[in-house]
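Below: the structure, in structure tokens.
What you are looking at is a predicted structure, and each value in this text was computed from that prediction instead of being measured. Residues: numbered from 1 along the sequence shown. Both counts, for ligands and for their atoms, begin at 1 and track the order of listing. Only heavy atoms go into these numbers, but all of them, side chains included; no hydrogens, no water, no symmetry mates.
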Amino acid sequence: MAMELIHGLEGVPIAESAISFVDGQAGRLEYRGIDVEHLAEHSTFEETSYLLLFGDLPTASEFQCFSKSLSTHRRLKYRIVDLIKCLPENGHPMDALQAGLAAVGMFYPERHNMDAAASRLACVRLISKTPSLVAAFERLRKGDEHIAPRDDLSLAGNFLQMMTGKDPDPQQVKILDVSLILHADHTMNASTFSGRVVGSTMADPFSVTSSALGALSGPLHGGANEDVMALLDRIGSPERARGFIEEMIARKEKIPGFGHRVYKALDPRARILKKYAENLSASTNKPHFAIAVEVEKVVQEHYAEKGIWPNVDFFSGIVYSELGIPRDCFTPIFAMARVSGWLAHWLEQIANNRIFRPTQVYVGKHDRPYTPIDKR
Ligand code: ACO
């Protein structure tokens, strides 16, 4: 019997998971049963990471212990800093992060043989060191000194101080923290699936994370917010938005930051980030938010019925730009958040593991003769 090929595995479940849930019709996202909008309002990225990894919100003492270990594992070994110094300054920060994460794992040989405590420590190290790697590459590629992490700041606050060398602004810290919460997990997307596939081979969590990161780097996944900013630049002003977008639609071009495999309504993460993008843009002269609002209006007129709405990437780039973050660091920031989700999925995968070994629909030839090279 011929096997049916489902392109992109659309609608094909690949695991049972209790980590996050999307209602694509209602535009709702939950982590461990808690609405992400409530987490964005009341939680912190550290607490949300605990929730994703271990299933419940921490008690006060569990939270204290977890956040203390997150802040004490931020340092990078000097050989990792040296390694980052050797990477090409024109290379993409996602590539530097992928190389850095894989290299960090080499310092922990116990990663090949892990009990529960070692798994937990590996998760803490990966969540803590990812922002340090992003900030280290950003500074070193510009010829600036690497800045040591500070234990007294939140993960978001410490990242901003490692990028800039300045005390972070509390409002900026809050906005980055919310963005990290919103990006921390999102059911069975391409990068999470990649991480679970690698985890199913019993590869270590550093390999799981660095391979998931490779999947995230593509423009159809985490890289779309850079494309959104490039689009807004090309449009240039709100008045030009309608004509520009209608031409794209006529050419059947995809509009970056719109559409989603699961959401057929407004992505709740886009709704929250839009509010922050608007607040931040109110105090600057940059036109991006005003152009984005026009683009959203035109795309909705044409495509809302088809279920194409702004996704998380449409407004996240504007928020990061307003925070002074370079464009090619947007996807690494997505990764800083998603590391928690990838690791929660890794723990879930290995708790009930079977190696992934799908099949294929063979469409090649059979029974061809071997022709010697001088006869071809
Ligand atoms: N602009 C215009 N049309 C679109 C868009 C878009 N952004 N997205 C989907 N469509 C249309 C397609 O042309 C297609 O139309 P058709 O049925 O008439 O042929 C239909 O909607 C279905 O689109 P697919 O690409 O088949 O949907 P899929 O589920 O495979 O892809 C994806 C989802 C990759 C996100 C897609 O919407 C896209 O490429 N968007 C732009 C890139 C982007 O914003 N990516 C970020 C996603 S969020 C994230 O990863 C964090």
For this session: Work out which heavy atom in P310 is nearest to a heavy atom in E296; give both atom names and the distance.
Result: CG-OE2, 3.6 Å

Exercise. Heavy atoms only: which of G259, A190, P219 is nearest to atom 37 (O) of ligand 1?
Worked result: G259

For this session: Answer yes if a protein heavy atom lies under 4.0 Å from atom 22 (C) of ligand 1, otherwise answer no.
Result: no

Exercise. Looking only at protein heavy atoms, which one is nearest to atom 49 (C) of ligand 1, and how far off is it?
Worked result: H221 O, 3.6 Å

Exercise. Within the structure, does at least one protein heavy atom fall under 4.0 Å of atom 7 (N) of ligand 1?
Worked result: yes

Exercise. Non-hydrogen atoms of F314 versus ligand 1: any pair closer than 4.0 Å?
Worked result: no

Exercise. Taking NZ, NE, NH1 and NH2 as the nitrogens, is one of them in R32 or D185 under 4.0 Å from a carboxylate oxygen of the other?
Worked result: no

Exercise. Which bit of D313 is near ligand 1, meaning a heavy atom under 4.0 Å away: side chain, backbone, both or neither?
Worked result: side chain

Exercise. Which residue holds the protein heavy atom closest to atom 12 (C) of ligand 1, what is that atom called, and what is the gap in Å?
Worked result: K254 CE, 4.0 Å

For this session: Compare all side-chain heavy atoms of H221 with those of S191 and state whether any distance is below 4.5 angstrom.
Result: yes

For this session: Under 4.0 Å, heavy atoms only, figure out whether ligand 1 is touched by the backbone of V312, its side chain, both or neither.
Result: side chain

Seminar exercise, completed: protein heavy-atom neighbour closest to atom 34 (C) of ligand 1 works out as L220 O, 4.1 Å

Exercise. Can a non-hydrogen atom of G257 be found less than 4.0 Å from any atom of ligand 1?
Worked result: yes

Exercise. Is the closest protein non-hydrogen atom to atom 32 (C) of ligand 1 under 4.0 Å?
Worked result: no

Seminar exercise, completed: Here the atoms of ligand 1 under 4.0 Å from any heavy atom belonging to H260 are 37 (O), 48 (S)

Exercise. For atom CZ of R251, is the number of surrounding heavy atoms from other residues, nucleotides or ligands below 6.0 Å larger than 12?
Worked result: yes

Exercise. Does the gap between the ring centers of F356 and F193 come in under 6.0 Å?
Worked result: yes

Exercise. Any protein heavy atom under 4.0 Å from atom 19 (O) of ligand 1?
Worked result: no

Exercise. Are more than 12 heavy atoms from other residues, nucleotides or ligands located less than 6.0 Å from atom CZ of R79?
Worked result: no

For this session: For the residue pair D151 and S71, confirm or rule out a side-chain donor-acceptor distance under 3.5 Å.
Result: no

Exercise. For atom 26 (O) of ligand 1, is some protein heavy-atom partner under 4.0 Å away?
Worked result: no

For this session: May I ask you to list the atoms of ligand 1 that are less than 4.0 angstrom from any heavy atom of F334?
Result: 51 (C)

Problem set entry | ligand 1 atoms in contact with A224 (distance to a heavy atom under 4.0 Å) | 43 (C), 44 (O), 45 (N), 46 (C)

Exercise. Nearest protein heavy-atom contact for atom 40 (N) of ligand 1: which residue, which atom, what distance?
Worked result: F258 O, 2.9 Å

For this session: Could you see which bit of I308 sits under 4.0 Å from ligand 1, with heavy atoms only: side chain, backbone, both or neither?
Result: side chain

Exercise. With the threshold set at 4.0 Å, does a side-chain nitrogen-carboxylate oxygen contact exist between D167 and R150?
Worked result: yes

For this session: List the atom of V124, the atom of S69, and the distance in Å for their closest heavy-atom pair.
Result: CG1-O, 3.5 Å

Problem set entry | Joint cluster assignment, I308 & L231, ILVMFWY side-chain distance < 4.5 Å | yes

For this session: Please report which non-hydrogen protein atom sits nearest to atom 1 (N) of ligand 1, along with the residue it belongs to and the distance in Å to one decimal place.
Result: I255 N, 2.9 Å

For this session: Please report which non-hydrogen protein atom sits nearest to atom 47 (C) of ligand 1, along with the residue it belongs to and the distance in Å to one decimal place.
Result: N311 ND2, 3.5 Å

Problem set entry | Nearest option to atom 30 (O) of ligand 1, as decided by whichever heavy atom of R269, R261, M248, H183 sits closest | R261

Exercise. With a 6.0 Å cut-off on ring centres, are H186 and Y263 close enough?
Worked result: yes

For this session: Kindly confirm or rule out a cation-pi arrangement of R327 over Y320, judged by NZ or CZ under 6.0 Å from the six-membered ring centre and within 45° of its axis?
Result: no

For this session: List the closest protein heavy-atom neighbour of atom 2 (C) of ligand 1: residue, atom name, distance to the nearest 0.1 Å.
Result: Y303 CE1, 3.4 Å

Exercise. Taking heavy atoms and a distance under 4.0 Å, where does K306 meet ligand 1: side chain, backbone, both or neither?
Worked result: side chain

Exercise. Judged by modelled atom types alone, do S340 and Y50 share a side-chain donor-acceptor pair under 3.5 Å?
Worked result: no

Problem set entry | K297 bridged to E294 by N-O distance under 4.0 Å | yes

